[in-house]
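For reference, the structure is listed below as structure tokens.
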Amino acid sequence: MDYKDFFQKRTTATIARDLLGHALTFQTPAGKVGGLIVETEAYVGVRDRAAHSYGGRRSPANEGLYRAGGTLYIYAQRQYFFFDVATQAAGTPEGVLVRAIEPIWGQELMLANRHGKGGRLLTNGPAKMMQAFGITSRKWDLHLLADSPFEIDLQHKRAPKQILALPRIGVVQADPIWANKPLRFVVAGNPYVSDIKQRQIEKDHGWA
DNA sequence: TCGCGGATAGACT
DNA sequence: GTCTATCCGCGAG
């Protein structure tokens, strides 16, 4: 399956769920960094109160969501950056946010980028992950995933033992229906999931 | 373990 | 000016 099939032929929630266990890597001048995706969120277009494209909002800041599935959407909030991939055909503003990875490649480089914050704090949040990658600008926004230093390995996937669907983080919209939709997907028991409690962490990190 | 404030990109009132 | 798909360091319980 290529990126186009992966990001355009299924519902955005299905895509977000399927990304768990796939490797996300970023090629830096100093080497490759990345790990396995353990937490994602789906944002499902103009009807989704929590999406940046709600009601058809469109501006230079969220243009990426409107591009064809497989296009990068790098969003800036304060001094932080988020890694999203647009889904569906061009003109349908849906996308998937990668919130957390279990670090595997370039751990020392990521540790340096995070100014020494290691362990679970290394990559257990969307902006932390981008910091670990050394991203400090929206440079790769609007690029196709295939034409960027980012790579998602669609050929291999580590199977999660159990996947949980939960409400999305930080969504404080007035509409409780959308604020509570179970559109966040996590590998149950993985220590890098952003809000996991110590006692919920499993020895095998939730992998089958 | 929790709640608070500060930092401060970018759109909107 | 106000709000947010955040993170961090701090102080209190």
Side-chain angles (χ1 to χ4, degrees), chain A residues 7 11-13 15-17 19-20 24 37-67 69 71-88 92-101 103 110-142 145 150 164-186 191-201:
Chain A
F7 289 108
T11 67
T12 299
I15 295 165
R17 198 177 195 282
L19 277 172
L20 299 177
L24 168 63
I37 297 171
V38 298
E39 180 174 9
T40 60
E41 286 182 357
Y43 287 88
V44 293
V46 297
R47 68 184 192 283
D48 182 353
R49 286 291 299 257
H52 292 148
S53 54
Y54 172 68
R57 282 198 170 84
R58 188 169 188 169
S59 75
N62 72 355
E63 176 64 22
L65 277 178
Y66 286 83
R67 299 296 177 89
T71 305
L72 295 180
Y73 168 42
I74 311 293
Y75 190 77
Q77 185 187 58
R78 293 182 167 77
Q79 69 270 51
Y80 304 120
F81 297 91
F82 299 73
F83 178 85
D84 298 61
V85 182
T87 59
Q88 310 309 327
T92 302
E94 303 193 11
V96 171
L97 165 69
V98 176
R99 289 189 55 89
I101 60 172
M110 292 196 283
L111 191 61
N113 286 336
R114 290 277 293 136
H115 307 292
K117 290 189 186 61
R120 292 166 52 201
L121 297 179
L122 186 64
T123 53
N124 69 337
K128 295 179 192 178
M129 184 186 83
M130 291 295 259
Q131 271 182 22
F133 285 5
I135 308 288
T136 56
S137 79
R138 297 180 64 208
K139 176 175 179 181
W140 297 107
D141 185 45
L142 304 184
L145 180 54
F150 291 95
L164 299 180
L166 306 166
R168 291 169 291 186
I169 296 280
V171 173
V172 290
Q173 309 293 331
D175 187 337
I177 301 292
W178 282 101
N180 293 312
K181 287 256 188 200
L183 289 173
R184 178 167 67 109
F185 302 94
V186 310
Y192 295 91
V193 169
S194 52
D195 63 344
I196 195 169
K197 302 278 185 269
Q198 195 73 40
R199 60 179 186 78
Q200 298 177 310
I201 295 175

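Residue numbers start from 1 in every chain, and the chains themselves are labelled A, B, ... in the order their sequence lines are given, proteins ahead of strands. Values reported hereafter were calculated over all heavy atoms of this structure, with side chains retained and with hydrogens, waters and symmetry mates removed.
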Could you tell me whether a side-chain N or O of [X] sits under 3.5 Å from a main-chain N or O of [Y], the two making a donor and an acceptor?
X: A:Asn62; Y: A:Ser59; answer: yes
X: A:Asp84; Y: A:Gly95; answer: no
X: A:Arg138; Y: A:Ala61; answer: yes
X: A:Arg168; Y: A:Leu183; answer: no
X: A:Ser53; Y: A:Pro93; answer: yes

A:Gln77/A:Tyr75 under side chain to side chain donor-acceptor pair (under 3.5 Å): CA gap, chis, key distance, verdict:
CA-CA 7 Å; A:Gln77 185 187 58; A:Tyr75 190 77; over 6 Å; no
For DNA chain C, consecutive-pair runs of 3 or more (Watson-Crick or G-U wobble, both H-bond-type distances under 3.5 Å) give B:1-7 with C:6-12, B:9-12 with C:1-4
Decide yes or no on side chain to side chain contact (heavy atoms under 4.5 Å, CB included) for A:Ile201 and A:Arg120, but give the supporting numbers first.
CA-CA 11 Å; A:Ile201 295 175; A:Arg120 292 166 52 201; 3.9 Å; yes
Check DNA chain B against residues 112-123 of chain A and give the residues with a non-hydrogen atom under 4.0 Å, in numerical order.
none
A:Arg99 pairs by side chain to side chain contact (heavy atoms under 4.5 Å, CB included) with which of A:Asp195, A:Thr123, A:Thr40, A:Ile169?
A:Ile169
Which whole-number value in Å describes the distance from [X] [atom1] to [N] [atom2]?
X: A:Gln131; N: C:dC7; atom1: CD; atom2: C1'; result: 7 Å
X: A:Gln77; N: B:dA7; atom1: CD; atom2: C1'; result: 11 Å
X: A:Lys128; N: C:dG9; atom1: NZ; atom2: P; result: 10 Å
X: A:Met129; N: C:dA5; atom1: CE; atom2: C1'; result: 13 Å
X: A:Arg49; N: C:dA5; atom1: CZ; atom2: C1'; result: 15 Å
X: A:Tyr80; N: B:dA9; atom1: OH; atom2: C1'; result: 12 Å
X: A:Leu97; N: C:dT4; atom1: CG; atom2: P; result: 17 Å
X: A:Asp195; N: C:dC7; atom1: CG; atom2: C1'; result: 15 Å

Using a 4.0 Å heavy-atom cut-off across all strands, classify [X] as base, sugar-phosphate, or nothing.
X: A:Arg78; result: base
X: A:Ile169; result: sugar-phosphate
X: A:Tyr73; result: base
X: A:Glu41; result: nothing

Shortest side-chain distance from A:Lys197, nucleotide among B:dC2, B:dA7, C:dA5:
B:dC2
Testing B:dC2, C:dA5, C:dC8 for proximity to the side chain of A:Val171, the answer is C:dA5
Can you classify the ring geometry of A:Phe150 versus A:Phe133 as parallel (below 30°), tilted (30 to 60°) or perpendicular (above 60°)?
tilted
Any N/O pairs under 3.5 Å between the protein and nucleotides 10-13 of chain B? List them or say none.
{"from": "B:dA11", "atom 1": "OP1", "to": "A:Ser59", "atom 2": "OG", "distance (Å)": "3.4"}
{"from": "B:dA11", "atom 1": "OP1", "to": "A:Ala61", "atom 2": "N", "distance (Å)": "3.4"}

Assess the residue pair A:Tyr192 and A:Ile196 against the criterion (side chain to side chain contact (heavy atoms under 4.5 Å, CB included)); give the C-alpha distance rounded to whole Å, side-chain angles, the decisive distance to 0.1 Å, and a yes or no.
CA-CA 8 Å; A:Tyr192 295 91; A:Ile196 195 169; over 6 Å; no
Give me the distance, rounded to whole Å, that separates B:dT13 from C:dA5 when you measure between the P atoms they each carry.
15 Å
Whole-angstrom distance between C:dC3 and B:dC4, as gauged at atom P
16 Å
After noting the C-alpha distance and the side-chain angles of A:Ile15 and A:Gln88, does the key distance pass the side chain to side chain contact (heavy atoms under 4.5 Å, CB included) rule?
CA-CA 10 Å; A:Ile15 295 165; A:Gln88 310 309 327; 4.1 Å; yes
Is there a side chain to side chain contact (heavy atoms under 4.5 Å, CB included) between A:Leu65 and A:Tyr43? Walk through the geometry before answering.
CA-CA 9 Å; A:Leu65 277 178; A:Tyr43 287 88; 5.6 Å; no
Using a 5.5 Å cut-off between ring centres and planes within 30 degrees, is A:Phe82 stacked on the base of C:dA5?
no
